[in-house]
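Quick notes on the structure that follows.
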Amino acid sequence: MNPQNIVILGTGGTIAGQAGSVRDNIGYTAAQFGVAQLLAELPAMGHAGPMIVEQVAQIDSKDMSFPIMARLAERVSHFLAHPEVQGIVITHGTDTLEETAYFLQTVCQPVKPVVLTCAMRPATALVPDGPQNMLDAMTVARHPGACGVVAVCAGTIHRALDVQKVHTYKLDAFNSGDAGPLGYVEEGTPRLLRNWPSATEESAGIAINKIVNLTSPGDWPRVEIVMNYAGASGAIVEALLAQGVQGLVVAATGNGTLHHALEAALLRAQATGVRVVRATRCPNGQVLPRPGDTLVDSKGLSPVKARVGLILQLLK
Ligand code: SIN
């Protein structure tokens, strides 16, 4: 391998999407172009430096699965082990990017940059956003001192722990909540506001060779998310218990509050050995623990990331 290689791993998404018309930004099919083709058509590609390209998956990220995430983690750790590799860029759909980012950060704990990028418009759009996002992601992957899993979209760098998709349509569809972004990419230069994620900050404590063999979704622990809302009941929890669910994340209201009927059902579930974690459905802030809490909180993780974390814990 050449010195200072970056590796580009493709997984599909809108960035690789195709529509019937250049004016159509929503009626497209995701994951139609291979990542090598996207790169070949990227303006300024001649200046992008040496790289290795691999297509790991080709999906709309709404269909992301744990076997695919584990395979991605295996490819990430394989390439990062090469001293000649400086960093990795992963093209991904926006819809579950935050889950994959959190999974990779906790499983791989990379000491080099792993940069997820995406697009809100398909590759066939009159003015697609994917090419600029891809170039910005490569800039971050080549930035001296960069490390950890981050997402780059619309000129903004987000840490895996904080990033959340917050808009259905806008090109700047992500934010980092209270924490704020890690930085920006401005005219090909990162401007940092905070430190890069540290490799030891979050650890799933799980070996990649253990999870890469879990090739069927059924090999993974069953963890579901339930939500608190006006008039919530315990019915969904009871139904999930009857199906043998192993873990539950509750997207509670406010600072972790629960309708008494849902709370009673969750406590019954916990008493039978099901792991229950309390997150909040509020997009900002985190559940602040109070004395006497009977359900553990998600330590600031959103419900979807708390679910990823709980699945990994149950595997240990
Ligand atoms: C996807 O998540 O794969 C489709 C939507 C997107 O990338 O914006």
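No experiment lies behind these values; they were computed from the predicted model shown. When a ligand or atom number is given, it counts from 1 through the structure's own listing order. The figures here come from the full heavy-atom set of this structure, side chains too, leaving out hydrogens, waters and symmetry mates.
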Nearest neighbour of atom 6 (C) of ligand 1 from the list I15, D95, T14, on a heavy-atom basis
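Going through I15, D95, T14 one by one, T14 has the nearest heavy atom to atom 6 (C) of ligand 1.
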
Side chain, backbone, both or neither: which part of A119 comes within less than 4.0 Å of ligand 1 when only heavy atoms are counted?
backbone

For L171, look at atom CG and say whether over 12 heavy atoms of other residues, nucleotides or ligands are found less than 6.0 Å away.
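Yes, because the 6.0 Å sphere around CG of L171 holds more than 12 heavy atoms from other groups.
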
Measure up the H158 and F174 rings against each other and bin them: parallel (under 30°), tilted (30 to 60°), perpendicular (over 60°).
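Because their plane-to-plane angle lies in the 30° to 60° range, the rings of H158 and F174 count as tilted.
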
Backbone N or O of G254 within a donor-acceptor pair of the T280 side chain at under 3.5 Å?
yes

side-chain contact (heavy atoms from CB on, under 4.5 Å) between D136 and T117: does it pass, once the steps are laid out?
CA-CA 9 Å; D136 288 348; T117 195; over 6 Å; no

Test your reading of the structure: does [X] have an N or O sitting under 3.5 Å from an N or O of ligand 1?
X   : value
K62 : no
D60 : yes
S61 : yes

Please, which pairs that meet salt bridge (charged side-chain N to carboxylate O under 4.0 Å, His left out) have at least one residue in residues 19-34, sequence neighbours excluded?
none

Pairs meeting criterion salt bridge (charged side-chain N to carboxylate O under 4.0 Å, His left out) with involvement of residues 45-71, two or more places apart:
E54-R75

At what distance is the nearest protein heavy atom to atom 8 (O) of ligand 1, and which residue and atom is it?
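I find the closest protein heavy atom is T94 OG1, 2.4 Å.
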
G17 heavy atom under 4.0 Å from ligand 1:
no

